[in-house]
Amino acid sequence: MFSGIDEVDWASMEHAYGPADDVPELLRGLASDDPAEREAALDGMYGAVHHQGDVYACTLACIPFLFELVVDPGVQDRGSVVELLTSIGGFDLDEDDEAEIDEDEIEGAANYAMAAAAVTAGAGVFFELIADEDPGVRLAAPLALATLHRHPVRVLALLRERLPVEPDEEVRLALVEAAGRVALRHRPLAGRAAEWLGRLASRAHSPGLRLAALAQLARCSPDGLPGDVVPVVSGLLREMRSTPKEPTAPGGPAVPEGDAARAADEPDAEPADPEPAAPAETGRGEHVVTPTLVGQLRSLSAQENAGSGTPWAADLLRTLHVGLDDRVGDRTALLADQLRSPDRRQRIDAVRMSGGLIRAWRGPYEELVALIGDQLADPEPRLSEAASHVLEELFGLAAPAADALAARLDADPGSWVKTWASGPPGLGSTVKALARLGDARAVPALAAALELEQVAHDVGFAVGHLGAAARPLAGALRRRLAEVELDEGAYDRASPLLAGLTGLRAGEAAPEVLRVLRGAPEYRGEWLRTAALRALGSFGPAAREAVPELRALIRRPGTASATEAAEALFAISGDAEAVLPVLIEGLQSDQVHDRRAAATALGALGPRAAVVAPRLRGLLAHEELWLRVDAAVALWEVTGRPQESTEALLAGWERSRHVRVRVAECVARMGPVPEGSAAAHVLRSELASVRRHNAMDGGYGSHDIHEDEKLLELCRRALRGTGKGTTA
């Protein structure tokens, strides 16, 4: 084995962490009899040689030796090597990607292409591996074939032939998944694959296999799903929970001749494959606990799946949900059924999937949210914590779970504040979820947080969401702010207190805030002054004693602090004449952020700043989108004429989804938009969309749902009174 490995000039190549002269040792480690050494070698391959999916010259040089490993029956854990080869060779570079490659990326793109060609050229070996004695190899081989082999018709035929004789349930599911992958990668075969999947889903197969077929059908041909897909899936899940687990022997016979396979696929024929009684113990090699990333991931997976006879069921359900896509009603009904399951593992998955559904799609979620709230009382910490984290992101949508959140808060005071090994403490998810609802039952938890030696970093934001309900906390906020030492750590200690006082508009705290403003240290002093100025501005006329200090600060025009001080001064005194010159100069700053701040502050002056209309109008053509939007808003506020501002705002709306809330806020304040206008069309189109405007594939922000719900309410408000359907 590994003939010629020492003739390769590994030292001349590099991987993610430097010279690749350690690669031969990693390859030999994959063939070791020691499971810990094999796992460490696999971790090194993923961590350095194929780091985050990258392909280096040394990755290409490994491919022939990896193929030697997968065909040698004496090597253990060959399934992991098959998966590694699939990852190395499975990168698709389509025409759009090729058009976007710049000179610096040419070498990397060439490596991907060469890796795909090299692994695809050897993919024929996976045909033999699909009947290997090692169940782990059989588990990995179908996806490798579906991803890499050049002849998808042969692959699909082989998958269908193998299924009737495969004894291992998890491998059978992999065969079905591979069929779905073939259909997705080779659309002309989608109909043929969907027909087979439909038959598998409707016939007397195991519930797991039928669920797998439905999941892949949803991915590659959702129109082929049965109309009653939700009750069908719910029934399969109940059947899976009630089926006793009886292990079957590992291994399996060779690929059958075509006659037996054809009989299994004939709709009127008797099944040619006796159903395995239950999932088999696959004997996929001894996995030991190691400090490697691969080892940690396996350990976490084992903990997650502990006690579950069908650990793959969650993956099938996730696949099904992805395939159902915008069928929010079906997905909601399915998740509601999962959340009522006696199986805690299934409920944990359902809570997490519910969070993903609500983040991406709009819909009526009252029942689903109430069911998530029910999980808060469960003694299993993973389930209750998953529920509280999802509810934390929902803001107003969490209302059906308010009582459950309050009960959880009363039952577990120890969760009110979370402490970490480093950094400031933070509020627990249950506290934040209840506070974001504006529910006064969160106040005792916030009061307790304010008495800790170190105040939670997010307590001020929670106070802001509670508003008047948190008014009893003003005294504690003032007292703690007065105690803050104005040293290098002042910002971290004072900023949550200032945020809370700002949310309460607690003008009686002006003396404490002024102390911070005057004594802000050099380190993060600018941030601290900004927070203090915002607090003073929120107090309005109640902070009159700050006027002399603010007048002194605006004598340095053109700076960010001068703009912030001018904004606060106007909010307190209403002296437009004093602040106008400062804001006009801020509008000419070299920094876009400062110009945006000045434009926003000028808008607050209203008609008293009408003199700046030409300057604001000139910014409507600026290259920075956010500045254009802020200038358009300010232009309407100072002139009262909506037409030219609306045109600029709608252009920004179409250009970027990120500015839509800001645009909608302005349009809503303008009053009901004219029926039949461009603005009305844009707003109605937004309300008609099922997809959230800020939904992202592969990521999300903690306030995404809140921002999207805010956008919807603003659209309705702007349309109110303009005609039928404004409350859609």
Side-chain angles (χ1 to χ4, degrees), residues 30-31 38 42 45 50 62-91 115-116 118-186 189 193 196-197 200 208-209 212-213 216 248-256 261 273 276 279-285 312 315-316 319:
L30 292 174
R38 289 197 305 273
L42 185 65
M45 293 297 293
H50 189 40
C62 285
I63 292 173
F65 304 111
L66 294 175
F67 271 113
E68 284 189 45
L69 288 167
V70 299
V71 298
D72 187 337
V75 174
Q76 300 181 57
D77 289 341
R78 286 178 293 137
S80 297
V81 183
V82 173
E83 291 173 351
L84 178 60
L85 276 169
T86 305
S87 180
I88 291 172
F91 185 85
V119 180
T120 298
V125 303
F126 300 132
F127 273 111
E128 299 176 7
L129 297 181
I130 208 164
D132 196 273
E133 292 184 358
D134 183 346
V137 175
R138 300 202 308 276
L139 183 66
L143 196 59
L145 279 170
T147 304
L148 300 166
H149 204 275
R150 290 194 179 101
H151 300 290
V153 174
R154 288 182 58 197
V155 172
L156 190 58
L158 177 62
L159 298 173
R160 294 172 63 169
E161 290 175 354
R162 179 65 197 176
L163 185 69
V165 295
E166 172 56 56
D168 186 292
E169 178 77 340
E170 193 170 356
V171 177
R172 288 159 63 83
L173 304 184
L175 293 166
V176 173
E177 180 185 358
R181 175 66 64 91
V182 169
L184 287 173
R185 290 173 61 85
H186 307 280
L189 292 178
W196 180 54
L197 292 169
L200 291 178
L209 186 66
Q216 296 305 320
T248 59
V255 176
D273 54 322
E281 294 291 346
T282 59
R284 290 172 177 74
W312 33 261
D315 290 334
L316 295 183
T319 301

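In what follows, residues are counted from 1 in the order of the sequence shown.
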**Q.** Any donor-acceptor pair under 3.5 Å from His149 side chain to His151 backbone
**A.** yes
Q | Contact summary for Val182 and Ala146, nearest pair of heavy atoms | A | CG2-CB, 3.6 Å
Q) Do you know which two heavy atoms are closest between Pro142 and Leu159, and how far apart they sit? A) CB-CD2, 4.0 Å
Q. Would you call Phe126 and Val155 a side-chain contact if the rule is heavy atoms closer than 4.5 Å?
A. no
Q: Identify whether the distance between the nearest side-chain nitrogen and carboxylate oxygen of Asp72 and Arg78 falls below 4.0 Å.
A: no
Q) Can you tell me how far the CG atom of Leu85 sits from the CZ atom of Phe67, to the nearest 0.5 Å? A) 5.0 Å
Q) Sub-3.5 Å donor-acceptor pair from the side chain of Arg138 to the main-chain atoms of Val171, do we have one? A) no
(Q) Consider side-chain contact (heavy atoms from CB on, under 4.5 Å). Of Leu316, Leu139, Asp315, which one does Leu173 pass it with? (A) Leu316
Q) About how many Å separate CD of Glu161 and CD1 of Ile130, when rounded to the nearest 0.5 Å? A) 9.5 Å
Q. Can you tell if the side chain of Leu42 reaches within under 4.5 Å of the side chain of Val81, non-hydrogen atoms only?
A. no
**Q.** Side chain proximity check, Val70 to Val137, heavy atoms < 4.5 angstrom
**A.** no
Q | Straight-line distance of Leu143 CG to Leu148 CG, nearest 0.5 Å | A | 8.5 Å
Q: Return the minimal non-hydrogen interatomic distance between Gln216 and Gly180, and the atom names on each side.
A: OE1-CA, 3.4 Å
Q | Closest heavy-atom pair and its distance - Leu145, Ala123 | A | CD2-O, 3.9 Å
Q.
Before you tell me yes or no, could you show the steps for Arg160 and Leu163 under side-chain contact (heavy atoms from CB on, under 4.5 Å), namely the whole-Å CA-CA distance, both residues' side-chain angles and the distance that decides it to 0.1 Å?
A. CA-CA 6 Å; Arg160 294 172 63 169; Leu163 185 69; over 6 Å; no
Q) Could you walk me through whether Thr147 and Arg181 pass the side-chain hydrogen bond (donor to acceptor under 3.5 Å, both in side chains) check? A) CA-CA 7 Å; Thr147 304; Arg181 175 66 64 91; 3.0 Å; yes
(Q) Quick check for you: to the nearest 0.5 Å, what is the distance between Cys62 atom SG and Met45 atom CE? (A) 4.0 Å
Q: Find the distance between CG (Leu184) and CG (Leu189) and round it off to the nearest 0.5 Å.
A: 11.5 Å
Q) What closest approach, in Å, do Ala213 and Leu200 show between heavy atoms, and which atom pair accounts for it? A) CB-CB, 3.8 Å
Q | Closest non-hydrogen atom pair, Arg150 against Thr120 | A | CG-CG2, 3.3 Å
(Q) Using side-chain contact (heavy atoms from CB on, under 4.5 Å), reason through Leu30 and Val75 one step at a time and then give a plain yes or no. (A) CA-CA 8 Å; Leu30 292 174; Val75 174; over 6 Å; no
Q) Are Asp77 and Arg38 close enough for a salt bridge, meaning some N to O gap below 4.0 Å? A) yes
